[in-house]
Amino acid sequence: MNLFDFEVASRREFPEDKFDLIYLNSPGSSVQIELTYNYDAEPYKVGDGFSHLGVTVSDLEKMHEICKESAYKIGDLRGLSGGTPTYFFVTDPDGYRIEVKRAK
């Protein structure tokens, strides 16, 4: 399931070096995320040098509802110091957390 509408923009394969690079775009944005797939890597440990990824959405409550309907584990809407909700976390099947933040 693709919760955040990222699209594969391009992919570069380096079989001789045993890795691939996958570039993701979000429609309407010039920001690109690079993912590296290592063929022979040991499984990564969640939190080992990487905490979480954050994405910003225009309608936080709507995205929270969409995530509730998915198979992913999601947290409650929260605000800093108990204030107005500005974010929540969703956890992917591998245990990585994604912070979903309200656009300012």
Side-chain angles (χ1 to χ4, degrees):
M1 172 175 256
N2 184 355
L3 291 177
F4 302 105
D5 295 329
F6 287 111
E7 300 170 345
V8 175
S10 63
R11 180 182 189 119
R12 297 184 63 200
E13 297 178 356
F14 299 89
E16 66 282 357
D17 296 314
K18 299 183 179 181
F19 75 93
D20 294 344
L21 298 175
I22 299 95
Y23 298 90
L24 303 177
N25 282 348
S26 180
S29 173
S30 61
V31 175
Q32 194 168 69
I33 296 173
E34 176 189 287
L35 302 176
T36 303
Y37 172 72
N38 295 299
Y39 299 178
D40 297 329
E42 295 292 324
Y44 293 105
K45 295 178 185 172
V46 174
D48 186 17
F50 176 79
S51 173
H52 69 275
L53 174 72
V55 297
T56 302
V57 297
S58 58
D59 190 335
L60 185 69
E61 288 75 13
K62 181 178 179 180
M63 181 54 74
H64 193 254
E65 288 301 316
I66 290 169
C67 289
K68 273 186 182 178
E69 295 171 5
S70 75
Y72 299 111
K73 178 182 172 188
I74 67 161
D76 294 331
L77 289 165
R78 304 195 57 168
L80 296 177
S81 300
T84 303
T86 55
Y87 69 96
F88 69 93
F89 281 90
V90 59
T91 304
D92 82 358
D94 294 321
Y96 291 100
R97 292 172 17 124
I98 301 166
E99 180 181 9
V100 183
K101 304 184 294 184
R102 183 187 311 277
K104 294 181 181 181

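This is a predicted model, so every value here is computed, not measured.
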**Message:** Apply side chain to side chain contact (heavy atoms under 4.5 Å, CB included) to residues Phe4 and Leu53 and explain how you reach the verdict.
**Reply:** CA-CA 12 Å; Phe4 302 105; Leu53 174 72; over 6 Å; no
**Request:** Can you see which heavy atom on Leu60 is nearest to which on Thr86, and at what distance?
**Result:** CD2-C, 3.5 Å
**Message:** Could you check whether Lys62 pairs with Glu65 (Lys NZ or Arg NE/NH1/NH2 to Asp/Glu carboxylate O, under 4.0 Å)?
**Reply:** no
**Request:** Evaluate the side-chain proximity of Val8 to Leu24: yes if any heavy-atom separation is below 4.5 Å, no if none is.
**Result:** yes
**Asked** Which pair of non-hydrogen atoms, one from Ala9 and one from Gln32, has the smallest distance, and what is that distance?
**Response** CB-NE2, 3.7 Å
**Asked** How close do Phe14 and Leu21 get, heavy atom to heavy atom, and via which atoms?
**Response** CE1-CD1, 4.0 Å
**Item:** Considering all heavy atoms, the nearest Ser26-Phe6 contact
**Value:** CB-CE2, 3.8 Å
**Request:** Look at the rings of Tyr87 and Phe89 and say which category their plane angle falls in: under 30° parallel, 30 to 60° tilted, over 60° perpendicular.
**Result:** perpendicular
**Prompt:** If you look only at pairs with a residue in residues 11-26, which of them pass as a salt bridge (Lys or Arg N to Asp or Glu O under 4.0 Å), with sequence neighbours excluded?
**Reply:** Arg11-Glu13, Arg11-Asp20, Lys18-Asp40
**Request:** With rounding to the nearest 0.5 Å, note down the distance linking OG1 in Thr91 to OH in Tyr72.
**Result:** 11.0 Å
**Asked** What are the two closest heavy atoms between Asp76 and Phe88, and how far apart are they?
**Response** O-CB, 3.4 Å
**Asked** Does a donor on one side chain sit under 3.5 Å from an acceptor on the other, for Glu7 and Asn25?
**Response** no
**Asked** Any sub-3.5 Å donor-acceptor pair from His64's side-chain atoms to Gly75's backbone N or O?
**Response** yes
**Message:** Would Cys67 and Leu3 count as a side chain to side chain contact (heavy atoms under 4.5 Å, CB included) here? Give the steps.
**Reply:** CA-CA 7 Å; Cys67 289; Leu3 291 177; 3.8 Å; yes
**Message:** With clusters defined by side-chain heavy atoms of hydrophobic residues (ILVMFWY) lying less than 4.5 Å apart, directly or transitively, does Phe19 cluster with Tyr37?
**Reply:** no
**Asked** Arg97 and His52: which non-hydrogen atoms are nearest, and at how many Å?
**Response** O-CB, 3.0 Å
